[in-house]
Amino acid sequence: MKKFMNFGVLALLGMALTFGMTSCSDDDPDYSNVTPPTVELAKANISGMVTTIGGKPIEGARVSALMGSDMLTAMTDANGEYKLEGVKNGTYTMQAIADGKQTMSGSVTVADGETAAWNTRLSNEATTVSVSQTEETSVEVVTETLENNEEAQVTTVTVIPAAAVEEGEEIIVTPVYSTDYVATKAATTKDFMVMGINISCSNPNAVLKAPIKLTFDLTDDVIAQIKPMKEVNGSWVEAEVTEEGEKVVFTVDAFTTYSLFINATLNQNASTEAISFAQAEYDNLYGASEMSVGTATYTYKMGSEIGQHSNLLGAYLAEILAQQMAGSTVKTVNGSYEINVTLPIGTALTLSGKQAVETTSIAAGSTTVSGKSYGKVSVTANTYNRQHNGGTN
């Protein structure tokens, strides 16, 4: 009887253990093939810098982005930086306005998951001259250059004869820096503007009654390289000038822009560079509970940088290059990307990103200057489980 009872107790204990093990197995989820969450593309951003021609930041510049009836605006901070967040996909007309500076416009295209770059440089305002009816008037303008590239500065003198316009009308002298951006990636040989002066009148219908003398103070080696041109009906044509020592003199017989060009070859090469995340991986494959992932932060480069040059021609080519790349100031900045997902146990998420980089070189004769500009940033989020990859944005 005792043996029978012992056997019965053991049998009951075995059944209980079996039942308990079966219950645990039924309640424990299978985490090996959990469906990973889908990460939606974050809204697009537009960011950049507004600087002087020399590359110094402009604080308080108003940057606007217009697409159809949508208008977004931002003000630059003490570093000249701005950011327009959560913008719709599309192409925007950009504009930057700052006190004491000429307004600059451009365009940029952006899509979800991207931070597009729009950088610009603002030159000094025009000089307005009251014209005497009895004696000549002169105004001096020194062209702006990149910081530490002052050897490329050119002094211009505009001499306005007496009664060049009607009494009460004013002459406006405006420095001009090319915005003729070359978009093609093929090698391009053409005439590139180095600098120019626009001569206009406060009365848009005015006609010059006497020619104005416009002088560019240069050096002999530069004079041999430059091509004087003026704008006629929207096109550039060669202008007749005289040389007075190391000065090139235009005879201004109409209200338009008078400029100096250099024939050079521009080469561009597009590539990408990886961006760096503060945390690039969120691993919940073998976690104990759900994991929330909010905003990812990363660093990237903003702006442009220009290499060294060895002579005066190189100094001028550096100025042309800065016009093509919208500056010569580069810095490392922080960006953010909205993830906003919850990772179930058995899933993980990794982040990767790249930034568009354009390397540009310009050459004239045996002199070459190169630079890099940093553009659009795109981020990719990949989710997966223990067995396979999941959704990618």
Side-chain angles (χ1 to χ4, degrees), residues 51-56 102 104 119-124 140-158 174-182 187-198 214-231 236 238-239 241 243-250 257-268 303-330 358-373:
T51 68
T52 64
I53 292 294
K56 294 181 179 179
Q102 296 181 43
M104 186 63 70
N119 305 303
T120 191
R121 304 187 304 162
L122 304 184
S123 58
N124 291 332
E140 180 179 288
V141 173
V142 179
T143 61
E144 299 174 81
T145 62
L146 300 172
E147 191 172 14
N148 300 320
N149 197 40
E150 288 79 8
E151 60 185 317
Q153 286 181 342
V154 173
T155 299
T156 69
V157 178
T158 304
T174 308
V176 177
Y177 306 91
S178 175
T179 57
D180 180 20
Y181 177 70
V182 177
T188 302
T189 301
K190 57 171 287 186
D191 294 326
F192 291 90
M193 182 194 292
V194 182
M195 70 207 68
I197 294 290
N198 177 267
L214 173 61
T215 302
F216 289 78
D217 193 352
L218 303 169
T219 60
D220 285 339
D221 51 347
V222 172
I223 289 175
Q225 296 282 343
I226 62 96
K227 182 183 294 186
M229 305 184 84
K230 68 177 181 178
E231 191 174 18
W236 291 105
E238 288 198 49
V241 295
E243 294 182 20
E244 299 178 1
E246 293 188 325
K247 294 179 173 61
V248 172
V249 182
F250 289 86
T257 301
Y258 299 81
S259 298
L260 303 180
F261 285 73
I262 289 178
N263 189 263
T265 299
L266 192 78
N267 279 284
Q268 297 170 308
S304 305
E305 54 190 343
I306 295 177
Q308 299 295 314
H309 54 269
S310 58
N311 54 31
L312 185 57
L313 177 57
Y316 284 101
L317 292 178
E319 294 299 320
I320 297 171
L321 200 58
Q323 295 164 9
Q324 291 293 313
M325 303 192 307
S328 64
T329 302
V330 67
E358 191 164 81
T359 301
T360 306
S361 65
I362 187 166
S366 59
T367 301
T368 301
V369 180
S370 299
K372 277 186 177 181
S373 56

The criterion is salt bridge (charged side-chain N to carboxylate O under 4.0 Å, His left out); which residues satisfy it with Glu358, sequence neighbours excluded? Lys185
Holding to side chain to side chain donor-acceptor pair (under 3.5 Å), I want the full list of residues that pass it with Thr155, two or more places apart in sequence or in another chain. none
Could you tell me whether the side chain of Glu319 and the main chain of Thr145 form a donor-acceptor pair under 3.5 Å? no
As an exercise, state the distance from OG of Ser259 to NZ of Lys230, rounded to the nearest 0.5 Å. 12.0 Å
For Gln102, give me all partners under side chain to side chain donor-acceptor pair (under 3.5 Å), at least two apart in sequence or on another chain. Ser123
Looking at Ser304 and Gly327, what are the two nearest heavy atoms and their distance? CB-O, 3.4 Å
Go through the structure and list residues passing ring pair (Phe, Tyr, Trp, His ring centres under 6.0 Å) with Tyr258, not counting sequence neighbours. Phe250
Point-to-point distance, once rounded to the nearest 0.5 Å, from CD1 of Ile362 to CE of Met325: 10.0 Å
Report yes if some heavy atom in the side chain of Val249 is under 4.5 Å from a heavy atom in the side chain of Val241; otherwise report no. no
Contact check, side chains of Pro175 and Thr143, non-hydrogen atoms, under 4.5 Å: no
Looking just at side-chain N and O atoms, do Thr265 and Thr189 make a donor-acceptor pair shorter than 3.5 Å? yes
Determine whether Thr52 and Arg121 satisfy the following criterion, side chain to side chain contact (heavy atoms under 4.5 Å, CB included), listing intermediate values before the conclusion. CA-CA 5 Å; Thr52 64; Arg121 304 187 304 162; over 6 Å; no
Is there a side chain to side chain contact (heavy atoms under 4.5 Å, CB included) between Lys247 and Leu218 once you walk through the steps? CA-CA 6 Å; Lys247 294 179 173 61; Leu218 303 169; over 6 Å; no
Distance in Å, Ile53 CD1 paired with Asn124 CG, rounded so as to fall on 0.5 Å steps: 8.0 Å
Taking C-beta and beyond as the side chain, do Val157 and Leu214 meet within less than 4.5 Å on heavy atoms? no
Apply side chain to side chain contact (heavy atoms under 4.5 Å, CB included) to Met195 and Thr156, showing your working. CA-CA 10 Å; Met195 70 207 68; Thr156 69; 5.6 Å; no
Distance-only side-chain donor-acceptor flag, Asn311 / Thr367, under 3.5 Å: yes
With Tyr316 as reference, evaluate Val369, Val154, Leu321 under the side chain to side chain contact (heavy atoms under 4.5 Å, CB included) test and give the passing residue. Val154
Sorted by chain and residue number, the ring pair (Phe, Tyr, Trp, His ring centres under 6.0 Å) partners of Tyr177 (sequence neighbours excluded) come out as none
Identify the residue among Asn148, Ile306, Thr51 that makes a side chain to side chain contact (heavy atoms under 4.5 Å, CB included) with Ser328. Ile306
Find the distance between OG1 (Thr359) and NZ (Lys372) and round it off to the nearest 0.5 Å. 5.0 Å
Using 0.5 Å steps for rounding, measure from the CH2 atom of Trp236 to the CD atom of Glu231. 5.0 Å
If you round to the nearest 0.5 Å, how far is CE of Met193 from CD1 of Ile320? 10.0 Å
For a quick check under 3.5 Å, do Thr257 and Asn198 share a side-chain donor-acceptor pair by atom type? yes
Exercise: identify the closest heavy-atom pair between Asp191 and Met229: OD2-SD, 4.4 Å
Please report the shortest heavy-atom distance between Leu146 and Ala318, naming the atom on each side. CD1-O, 3.8 Å
Between the side chain of Glu243 and the main-chain N/O of Ile223, is any donor-acceptor distance below 3.5 Å? no
What do the steps show when you test Leu266 against Phe192 for side chain to side chain contact (heavy atoms under 4.5 Å, CB included), and what is the final call? CA-CA 10 Å; Leu266 192 78; Phe192 291 90; 3.8 Å; yes
State, with a plain yes or no, whether a side-chain heavy atom of Thr329 is found less than 4.5 Å away from one of Glu305. no
Mind checking whether Phe216 and Leu260 have side chains closer than 4.5 Å, heavy atoms only? yes
Partner set under salt bridge (charged side-chain N to carboxylate O under 4.0 Å, His left out) for Lys190, not counting sequence neighbours: Asp180
